[in-house]
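Input: a single structure, listed below in structure tokens.
Below, all heavy atoms of this structure are taken into account, side chains as well, without hydrogens, waters or symmetry copies.
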Amino acid sequence: MLEALRSIVQAVNAADDLQSALDIIVTRIAEVMNTEVCTVYLRDPDTKRLIFMANQGLNPELIGKVSLGPDEGLVGLVARREEPVNLDHAEKHPNFLFLPGIGEEHYHSFLGAPIIHQRSVMGVLVVQQKDSRRFDEDEEAFLVTMSAQLAGVIAHARATGSINTAQNTVGATASFKGIAGATGVAIGQAAVVVPMAELHSVPRRQCDDVAAELKAFTAALDAVRSDIRALSDKLLTQLPADEHALFDVYLRIMDDGAWVAEVVEKIEGGEWAQGALSQVMSSHIRAFEMMEDTYFKERATDIKDLGRRVLSYLQANDIEPPDYPERTILVGEELTASMLGEVPREKLVGMVSVRGSSNSHVAILARAMGIPTVMGASDLPYTQIENANLIVDGYSGYVHYNPTPEVYEHFRSVSEEDHALNQGLEALRDLPSETLDGHRMPLWVNTGLMADVARSLDRGAEGVGLYRTEIPFLLRERFPSEEEQRVIYREQLLAFAPLPVTMRTLDIGGDKALPYFPIDEENPFLGWRGIRVTLDHPEIFLVQVRAMLKASEGLNNLRIMLPMISNVQEVDEALELVRRAYEELLEDGWDINLPPIGVMVEVPAAVYQARQLARRVDFLSVGSNDLTQYLLAVDRNNTRVADLYHAYHPAVLNSLQQVVDAAHAEGKPVGICGELAGDPAAALILMAMGYDMLSMNDNSLLRVKAVIRSCRFEDLQGLLDGVMLVDTADEVKAQLRKAMINIGMERLLQQTSGGV
Ligand code: PEP
Ligand code: MG
């Protein structure tokens, strides 16, 4: 059964479009379960009707033409109950509905299972037989497993299908959910970027000059042929005959006229050579991969290899610089910093990455550059949307393809409001961050790049609460040397001096992998992360701390912060190393001071030991991003559980209060540098909790300041007391919303990232 299940899912995954996927499902399930009928009904998202979409055994002419209302028939019953219905005499059931012409009258037994994706019923999978018998337990379990596995595949194919439909239907539109990567709204045209030699991610594109594309294709084929011959000659004496025969196989594939003819035909039809090659090769690879015979399965690898070689030549000779639209929305399977760098800045308005998370470094860069971005839009059929009109909603994490005039109008006005609001807020930059009744609330920034510095200072930042040192590490091809680091850190410290700059020691691991120091783990967020890595590699830690200390000479505005602390020994060991580096530098003649050292509270254990930690260091800073994920056991980058990730969760708020109380009991200052600090509504309660500093993305600075300058500190304790009494994040959200309206800050509500 497991083998059957796997092979059906694999076949469905390989289908070109939704209809072929559904057709494969019904034929293969009927075959494996040995039933006479198998049907997929899909729910229309607008009308909620269940449409007869694919079938084996009934009247094929009615496919796509008949449907059932949400309360109609046994199929409606399965969808409504969200559980299987197994009957030996379907026609005797009160819900049975006779659909004329479909040909169901001969079939007595009925087994239906709901197809559920992300809690909502997408459709119903049904098998039927003439014999009056209940399907047995194994059969029922098989159908339920099948439908659970297929739900995601169907959802993906459907999303892709909506694009196909949209391409053929004037005005059709589609929306795709991802993760908010950088706030703001971007309206523009998609430019799809392709990593080198990745067959599956080449976008479809019309070519202007068929003859030139054909010529390029033939030249690429010739080049690969001669490469293989050269390689073959070189290895002739070194490889046994059997292995050497592989080169003959390669050459035979290259000379096989059939696939070459298919590519040529596609190019002649107007597709560019890279697209034609990718489409033809991908379908051959899929066909081979699906074969049972291992010899043929292996051939898929050979074809992939050859395809990539030909593609490399095509890409290398594609000297024409890409013609980026005036308002480019950069789209890619996995965007990287270098892809971003290739687009002229004045043309780049938004970004969408199919993979990755809000913490991928391209998202961090996007935030630093103020480019609205959606990450992890996994259902977006990115290869098919070159030049399409897109809207990137960096607030909610949605990408709207080919938006309707109403959707377009809505986002255009959001974007205009954003612009007006930002301009209005500029007036606040030199005004103090204090409440109407004179309570000061220092606002600091989170940085990672030099690009952040100018904007942060321009927006009146009073210091750096978190400098993510891993960012310069991420942008290199090896660990930066001590001197390279010293230069980078000096630049940051100089730019802000005399304002304080809090440098966090290297926080890699989790989802932040250095390309040159891969950490491959089953469960990276619970693994070798942050301080755990650097304590295991004191040489890396010491080099970094020495570079920081040297960089601070004569400026004395450095603070050092330790990430991912989960016990006091880690702090003691790290302090010992920092002191050692300091002493050594003094001996070497450096004129430096020992900077204040702090600990990040981002693991629940640190909340419960906040007093012990505070006793050992000069300050605490809450990393609410990680603290939320660890308290709620919700991966901060996983789209599937994104709805459960909420920094307003009462458990999170209680912890935040505990940390302030613990730090203050030890007479130490405490700040917060997670995303929550940049949420204008949350600032109201963080102030009331007693936080001494809020550190945020520079884009949030003026918004938070606007809120602070509009409220009375003496009113905030009442708000906090109320918030601490409720049981759910939604209730907290509602109370904060009310408070924001009361102080006339309603317009900042939609500006918040994870909050109200
Ligand atoms: C945090 O976890 O809240 C934090 C500020 O660190 P990072 O987002 O870099 O993990
Ligand atoms: Mg963190």
Side-chain angles (χ1 to χ4, degrees), residues 82 116 118-120 177 179-180 358 395-397 525 601-611 620 622-665 670-691 694 696 704 707-708 711-743 745-746 748-756:
E82 302 187 352
I116 301 180
Q118 292 175 344
R119 291 194 185 191
S120 74
K177 173 121 185 70
I179 299 168
S358 59
Y395 292 115
S396 67
F525 276 115
V601 178
E602 45 185 355
V603 175
V607 174
Y608 290 102
Q609 285 206 295
R611 278 195 78 154
L620 296 186
V622 177
S624 54
N625 305 339
D626 277 315
L627 186 57
T628 305
Q629 83 160 340
Y630 291 126
L631 272 173
L632 306 183
V634 174
D635 179 342
R636 66 197 247 193
N637 303 317
N638 184 338
T639 340
R640 283 203 186 123
V641 289
D643 289 348
L644 295 174
Y645 182 97
H646 220 302
Y648 290 171
H649 191 297
V652 178
L653 298 184
N654 269 296
S655 304
L656 293 178
Q657 182 67 74
Q658 269 196 49
V659 178
V660 181
D661 296 344
H664 288 174
V670 56
I672 172 164
C673 60
E675 293 297 305
L676 190 66
D679 171 352
L684 296 174
I685 47 173
L686 294 173
M687 256 195 296
M689 284 180 186
Y691 276 91
L694 306 178
M696 63 202 69
V704 173
V707 169
I708 291 171
C711 68
R712 296 181 63 78
F713 186 65
E714 62 176 30
D715 297 337
L716 299 182
Q717 196 57 52
L719 171 67
L720 178 64
D721 291 346
V723 160
M724 288 307 216
L725 282 178
V726 300
D727 295 342
T728 65
D730 283 346
E731 289 166 277
V732 172
K733 192 166 158 176
Q735 295 215 4
L736 291 184
R737 168 172 269 277
K738 220 159 87 195
M740 288 287 277
I741 294 170
N742 283 343
I743 58 169
M745 285 286 116
E746 196 177 354
L748 285 178
L749 283 173
Q750 64 155 1
Q751 305 291 334
T752 59
S753 45
V756 180

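For Ser120, there are no side chain to side chain donor-acceptor pair (under 3.5 Å) partners at least two apart in sequence or on another chain. Residues meeting the side chain to side chain donor-acceptor pair (under 3.5 Å) test with Glu731, sequence neighbours left out: Thr728. Contacts of Leu725 classified as side chain to side chain contact (heavy atoms under 4.5 Å, CB included), with partners at least two apart in sequence or in another chain: none. Legend: residues meeting side chain to side chain contact (heavy atoms under 4.5 Å, CB included) with Glu82, ordered by chain and number and at least two apart, are Ile116, Val121. Remark: Glu602 engages no residue in a side chain to side chain donor-acceptor pair (under 3.5 Å) (not counting sequence neighbours). Here Phe713 pairs with His439 under the ring pair (Phe, Tyr, Trp, His ring centres under 6.0 Å) rule; sequence neighbours left out. Residues satisfying the side chain to side chain contact (heavy atoms under 4.5 Å, CB included) test with Ile685, not counting sequence neighbours, are Leu653, Leu719, Leu720, Val723, Leu736.
Atom-to-atom distance recorded for Asn654:CG and Met724:CE is 5.0 Å, nearest 0.5 angstrom. Within the model, atoms CG of Leu676 and CG of Leu686 stand 5.0 Å from one another, a figure rounded to the nearest 0.5 Å. Rounding to the nearest 0.5 angstrom, the gap separating the CG atom in Leu644 from the CD atom in Gln629 is 13.0 Å.
The minimum heavy-atom distance linking Ile672 with Ala677 is given by the pair O-CB, 3.5 Å. Gln717 and Ala688 get closest at one heavy-atom pair: OE1-O, 3.5 Å. Minimum interatomic distance between Ala180 and Tyr395 (heavy atoms only, all atoms of both residues): CB-O, 3.7 Å. In plain terms, the two heavy atoms of Pro680 and Met740 that are nearest each other are CB-CE, 4.1 Å. Across every non-hydrogen atom of Phe525 and Tyr630, the tightest pair is O-OH, 2.6 Å.
Between Leu627 and Pro604, the closest side-chain pair of non-hydrogen atoms falls below 4.5 Å. Side-chain atoms of Val601 and Val607, non-hydrogen and from C-beta on, do get closer than 4.5 Å to each other. The closest side-chain heavy-atom distance from Val726 to Gln735 is below 4.5 Å.
The backbone N or O of Glu675 sits less than 3.5 Å from a side-chain atom of Asn625, completing a donor-acceptor pair. Remark: side-chain polar atoms of Tyr645 are not paired, donor with acceptor, to backbone N or O of Leu632 under 3.5 angstrom.
Screening residues 713-725 for salt bridge (charged side-chain N to carboxylate O under 4.0 Å, His left out), with sequence neighbours left out, gives Arg712-Glu714.
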If you look only at distance, which donor and acceptor atoms sit under 3.5 Å apart when one is on a side chain in residues 656-664 and the other is two or more places apart or in another chain?
| unit_1 | atom_1 | unit_2 | atom_2 | d |
| --- | --- | --- | --- | --- |
| Gln657 | NE2 | Asp661 | OD1 | 3.0 |
| Gln657 | NE2 | Met689 | O | 3.2 |
| His664 | NE2 | Asp692 | OD2 | 2.8 |

Start with the C-alpha distance between Met696 and Val704, add both sets of side-chain angles, then the distance that settles side-chain contact (heavy atoms from CB on, under 4.5 Å), and finish with yes or no. CA-CA 9 Å; Met696 63 202 69; Val704 173; 3.6 Å; yes

Please determine whether side-chain contact (heavy atoms from CB on, under 4.5 Å) holds for the pair Leu716 and Cys711, giving the CA-CA distance in whole Å, both sets of side-chain angles, and the decisive distance to 0.1 Å. CA-CA 8 Å; Leu716 299 182; Cys711 68; 4.0 Å; yes

